[in-house]
Amino acid sequence: RQIDGDEIYIVDEFLNPVSRGEIGELCIGGAGVGRGYVNSPELTAKKFVPDPFTDNPGARLYRTGDRARWLPDGQIEYIGRADNLIKIQGYRIEPNEIIGLLYRHPAILASAVIARQDGSENPRLVAYLVLDRAQVCPTVTELRELLRSRLPAYMMPAIFVVIPDLPMNSNGKLDREALPAPVAANVLPDENYLAPRTVLEEKISALVANLLGVAQVGVNDNLFLIGGHSLFGTQLIAQIRDNFGVELPLRSVFESPTSALLAQEIEGLMETKIGAMSEDEIQRALQQAASVGGQE
């Protein structure tokens, strides 16, 4: 709760108060606000701003950089740091909401969630886990079910990385830059992984893996639970058009969100297209396919 002499405001990026229960930046006004940072005029100007909620001349409002919300009983719930907020494809993601749920698993001692690009076209959510070796190691299915019960699909980490400890900087805070890149040796394996069974499934899985920046994609993996999103859907449609010469409706990606199901959709479209082609057109298409993807 706020203390005597202070005024607490929870505001949006334009310093407008947010509705009760909505998350915003916690700001402090009133007699308890200092004059600024010593020998740091730029930081002072950024954090100690004119107080728009009072008529007192020279009054300052301190922008804490903390994200919080008012609870119904008047208490303030701390959510996390504003500079830790992740934005992926227009969605604002609060890592602490994901971390808080992961802590419910008895084997997880510590966790961090960040967005990584690692050469892929789109950033993806990666969850880092420090495990209690005395407990049974969690499975990917368990973790996804745990998160899916409370979170939307766009907040689902694409992969889970197991590390011995969270790296800290000299101030005792998480050193995000020191978190290791996901590699085969540290990624929690998906126990439900099923390898592609046909050339078509293999090519689709490869397209998806490249777009999401993951090492492998099983034919039954739900693409929207391993990092997929609406923009990914349009990118995949374009890749399918370029590689297979068929126009797959965008809704098919959402209705058939696995490599196996998409392969069936594409195969059906290809058969329909071939049925309407002349013999010369078929031969030209086969020659083009052979030059791009081999003789399959």
Open item on the list: To check you understand the geometry: which heavy-atom pair defines the closest contact between L179 and P167, and what is its length?
Closed with: CD2-CD, 3.5 Å
- [ ] Please name the pair of heavy atoms, one in V187 and one in P182, separated by the smallest distance, quoted to 0.1 Å.
- [x] CG2-CB, 3.8 Å
Open item on the list: Quick check: is L188 connected to Y103 through a chain of hydrophobic side chains (ILVMFWY, heavy atoms under 4.5 Å apart)?
Closed with: yes
Task: Main-chain N/O of G218 paired with S205 side-chain donor or acceptor, under 3.5 Å - done: no
TODO: Give, for atom CD of E42 and atom OH of Y37, the distance between the pair rounded to the nearest 0.5 Å.
DONE: 14.0 Å
TODO: Look at the side chain of D12 and the backbone N and O of V18, then say whether any donor-acceptor pair between them is shorter than 3.5 Å.
DONE: no
Task: For I23 against R67, the heavy-atom pair lying closest together - done: CG2-NH2, 3.2 Å
Open item on the list: With a 3.5 Å distance limit and no angle check, can you tell me whether S19 reaches the backbone of E22 through a side-chain donor-acceptor pair?
Closed with: no
- [ ] May I ask you to decide if R1's main-chain N or O and Q75's side chain share a donor-acceptor pair within less than 3.5 Å?
- [x] no
TODO: Over all heavy atoms of both residues, which pair between M156 and L147 is shortest? Give the atoms and the distance, please.
DONE: SD-CB, 3.8 Å
Open item on the list: Is it the case that atom CG in D55 sees more than 12 heavy atoms from other parts of the structure closer than 6.0 Å?
Closed with: no
Open item on the list: Between E265 and L248, is the side chain to side chain contact (heavy atoms under 4.5 Å, CB included) condition met? List the steps.
Closed with: CA-CA 8 Å; E265 296 267 356; L248 191 70; 3.8 Å; yes
- [ ] List the steps, then state whether side chain to side chain contact (heavy atoms under 4.5 Å, CB included) holds for L15 with V49.
- [x] CA-CA 10 Å; L15 295 183; V49 299; 4.2 Å; yes
- [ ] Give a yes or no on whether the backbone of A181 and the side-chain of N186 come within a donor-acceptor separation of less than 3.5 Å.
- [x] yes
Open item on the list: Return the CG to CD distance between L207 and E202, rounded to the nearest 0.5 Å.
Closed with: 11.0 Å
Open item on the list: Under the rule for salt bridge (Lys or Arg N to Asp or Glu O under 4.0 Å), what residues qualify as partners of R150, not counting sequence neighbours?
Closed with: none
TODO: Under the side chain to side chain contact (heavy atoms under 4.5 Å, CB included) rule, what do L125 and Y154 come out as? Steps first, then yes or no, please.
DONE: CA-CA 9 Å; L125 280 179; Y154 66 82; over 6 Å; no
Open item on the list: If hydrophobic clusters are built by linking Ile, Leu, Val, Met, Phe, Trp and Tyr wherever their side-chain heavy atoms come under 4.5 Å apart, do F254 and L236 end up in the same one?
Closed with: yes
- [ ] Any chance you could measure I86, atom CD1, to E94, atom CD, to the nearest 0.5 Å?
- [x] 8.5 Å
TODO: State the NZ-OG distance between K203 and S259, to the nearest 0.5 angstrom.
DONE: 14.0 Å
Task: Main-chain N/O of L71 paired to R20 side chain as donor or acceptor, under 3.5 Å - done: yes
- [ ] Looking only at non-hydrogen atoms, find the nearest pair between I99 and A112 and report the distance.
- [x] CD1-CA, 3.9 Å
Open item on the list: Has D51 got a side-chain atom pairing as donor or acceptor with A59's backbone, closer than 3.5 angstrom?
Closed with: no
Open item on the list: Heavy-atom count check: over 12 atoms from other residues, nucleotides or ligands less than 6.0 Å from D4 CG?
Closed with: no
Open item on the list: Donor-acceptor check, side chain of Y128 to backbone of A110, threshold 3.5 angstrom: yes or no?
Closed with: no
- [ ] Say whether I163 and M168 are linked into one hydrophobic cluster, either directly or through other cluster members, by side-chain heavy-atom distances under 4.5 angstrom.
- [x] yes
Task: Among L166, I114, N169, side-chain contact (heavy atoms from CB on, under 4.5 Å) partner for R176 - done: I114
- [ ] To the nearest 0.5 angstrom, please state how far the CG atom of L200 sits from the CG atom of L262.
- [x] 9.5 Å
Task: Test item: K47 side-chain N/O and R63 main-chain N/O as donor-acceptor pair under 3.5 Å - done: yes
Open item on the list: Could you measure the distance from the CZ atom of R104 to the OG atom of S149? Nearest 0.5 Å is fine.
Closed with: 7.0 Å
- [ ] Would you please name every residue forming a side-chain hydrogen bond (donor to acceptor under 3.5 Å, both in side chains) with R241, sequence neighbours left out?
- [x] E247
Open item on the list: With side chain to side chain contact (heavy atoms under 4.5 Å, CB included) as the criterion, how do V126 and V113 come out once you've worked through the C-alpha distance, each side chain's angles and the decisive distance to 0.1 Å?
Closed with: CA-CA 6 Å; V126 177; V113 175; over 6 Å; no
Task: Check: I8 and W70 side chains under 4.5 Å, non-hydrogen atoms - done: yes
TODO: Is it possible for you to say whether L250 and F244 belong to one hydrophobic cluster, with membership spreading through side-chain heavy-atom contacts below 4.5 Å?
DONE: yes
Open item on the list: Restricting to non-hydrogen atoms, name the atom on I98 and the atom on I93 that form the minimum distance, rounded to 0.1 Å.
Closed with: CD1-CG2, 3.9 Å
TODO: Flag yes if F53 and L26 sit in one hydrophobic cluster, no otherwise; membership is Ile, Leu, Val, Met, Phe, Trp, Tyr, and two members link when side-chain heavy atoms are under 4.5 Å apart.
DONE: no
